[in-house]
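Remarks on the structure that follows.
Values below: all heavy atoms of this structure, side chains included; hydrogens, waters and symmetry mates excluded.
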Amino acid sequence: MTEDMAIKRLRKLAKDWPSDLWLFAEGGSLHVMRLGPDGARAMNKFGGVDHAYIQASIAIPSDGGAW
């Protein structure tokens, strides 16, 4: 697959993405996360993402760091 095709497929996916899911990058993988019961991103008591809300992990190289 070409880079342009991969980007096009991600853009198409974004149009149909469910509003109750979000992506989190950690450990070199993307994790599909479910929102918490309050409709926000679920966090643990230490301020990190609550791993109990991971729905799937996808091995796409990624970085969770800030710019």
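In the displayed structure, Q55 atom CD is contacted under 6.0 Å by more than 12 heavy atoms of other residues, nucleotides or ligands.
Put simply, the side chain of D4 does not reach to within 4.5 Å of the side chain of K8, judged on heavy atoms. Here the side chains of M33 and R41 are not in contact, with every heavy-atom distance at 4.5 Å or above.
The structure places CG of L23 at 8.0 Å from CG of L13, a figure rounded to the nearest 0.5 Å. From L10, atom CG reaches atom CH2 of W17 across 9.5 Å, with rounding to the nearest 0.5 Å.
What you find for L21 and V32 is that their closest heavy atoms are CD1-CG1, 4.0 Å. Between I54 and S57 the shortest heavy-atom distance is CG2-OG, 3.9 Å. Residues H31 and E26 come closest through the heavy atom pair NE2-O, 3.2 Å. Nearest approach of A25 to S62, heavy atoms of both residues: CB-OG, 3.5 Å. Contact between Y53 and G36 at its shortest, heavy atoms only, is CE2-CA, 3.7 Å.
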